[in-house]
Amino acid sequence: MSVAAHNVLSNFTNIKSKSLISNRSGSRRFASNSVRCCQLATSEKRSVTVSNGNDSLEICRVLNGMWQTSGGWGRIDRDDAVEAMLRYADAGLSTFDMADHYGPAEDLYGIFINRVRRERPPEFSEKIRGLTKWVPPPVKMTSSYVRESINVSRKRMDVPCLDMLQFHWWDYSNRGYLDALKHLTDLKEEGKIKTVALTNFDTERLRIILENEIPVVSNQVQHSIVDLRPQQKMAELCQLTGVKLITYGTVMGGLLSEKFLDTNLAIPFAGPPLNTPSLQKYKRMVDAWGGWSQFQVLLQTLKKISSKHGVSIPTVAVRYILDQPAVAGSMVGVRLGLSEHIKDTNAILSLALDEDDVNSIQEISKKGKDLLRVIGDCGDEYRR
């Protein structure tokens, strides 16, 4: 057993008597923690290292999410998109997150990284990170199947080694996810993948994966001021084991913005249209949390804080989540070539929320429903 795996299991053993609660089936879960905010100086570094054992990767704390290239947000022009990616990278926002099923996202990255190789100095390209995901059907996970699937992403992204492969699995009753992760670990040892990670895994399955000595560095989960589920069971396990969280849905597809402040969506055509997949998805989260009227109170609170600091509502929303325990980075979706928010994104990294800001956000956040009870743990919304 590796030293890292031994330490993980030792941590679990030491904490069982104090913070694990047995349920009827005999499985255990971590006791919920209250949300805490770690104050960070305005000079905070732009990057963070996610690691497990000898595996490590430095990424930007604010990541460029490329789900928006998959359709539903407007037609993406290839050349305009690549030019936009270069602008983000030139501004220091050099970590891009994509997936095998995000339309042309991996192909765009391949074109972009070749532009970087040709047009930027070598030290610039060393800072670029391309994180992708593999979301296979729950079929038998053979070594050859896993290898062929990962080779497709390597070819599309035009890289010999994937910086990070984030793995998703639909059906927990099928234990093939452990086979897939072991094969991914083999590919990592071969130099085809630099770091192995997860996306939308719950706390129980993350524990099982770590106990099987699979060195994952992070878990990408939905996390916002409305959706605080990761700060309950998941964050405690992450703090014990060193696994980090990368968050998405942090601005709720744009709902957490001035655009939706003082609007009434109950009246047809009275407010901005919910005309993208992300807006529609996160409106359902608002409904589950407490409804549109309660959400307006949250937006009004965030507006007061943002005005105080001279920033936007999304900037405050992301900063709050970045300050939460175990969070390494947060995703901000990019509509490449259609709109740009480099200035607001960079402002996140220089913003420091004070105690009054944090207390105001926590006060309104607590008035919403506990989504862990309503929806379940991280990722459970995908497995119902």
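Remember, predicted model here, so these are calculated numbers, not experimental data. Residue numbers start at 1 and run along the sequence shown.
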| said: Can you see whether D100 engages S153 through a side-chain donor-acceptor pair at a distance of less than 3.5 angstrom? | reply: no
| request: Rounded to the nearest 0.5 Å, what's the gap from CD on Q166 to OG1 on T195? Could you check? | output: 8.0 Å
| task | On the 0 to 90° scale, with breaks at 30° and 60°, tag the Y88-H341 ring pair as parallel, tilted or perpendicular. | result | perpendicular
| field | Partners passing salt bridge (Lys or Arg N to Asp or Glu O under 4.0 Å) against R147 (at least two apart in sequence or in another chain) | value | E190
| remark: For R120, the salt bridge (Lys or Arg N to Asp or Glu O under 4.0 Å) test, sequence neighbours excluded, returns D90
| field | Under-4.0 Å salt bridge between D163 and K194 | value | no
| message | Once you measure the plane-to-plane angle for W134 and Y145, does it fall in the parallel (<30°), tilted (30-60°) or perpendicular (>60°) bin? | response | tilted
| remark: Residue pairs meeting side-chain hydrogen bond (donor to acceptor under 3.5 Å, both in side chains), one or both in residues 251-260, sequence neighbours left out, come to none
| request: Please confirm whether R205 makes a cation-pi placement over Y172, using NZ or CZ under 6.0 Å from the six-membered ring centre and within 45° of the ring normal. | output: yes
| task | Determine the sole option in E106, R154, R156 for which the side chain to side chain donor-acceptor pair (under 3.5 Å) test with T132 is passed. | result | E106
| said: Using the salt bridge (Lys or Arg N to Asp or Glu O under 4.0 Å) definition, which of the options R284, K281, R229 pairs with E381? | reply: R229
| said: What I want to find out is whether K45 reaches E58 closely enough, with some N-O distance under 4.0 Å, to be called a salt bridge. | reply: no
| said: I need the single residue from D186, L165, V196, V146 that forms a side chain to side chain contact (heavy atoms under 4.5 Å, CB included) with L181. Which is it? | reply: V196
| field | N-O pairing of D357 and K308 below 4.0 Å | value | yes
| query | How are the rings of W292 and F295 set relative to one another: parallel (under 30°), tilted (30 to 60°) or perpendicular (over 60°)? | reply | tilted
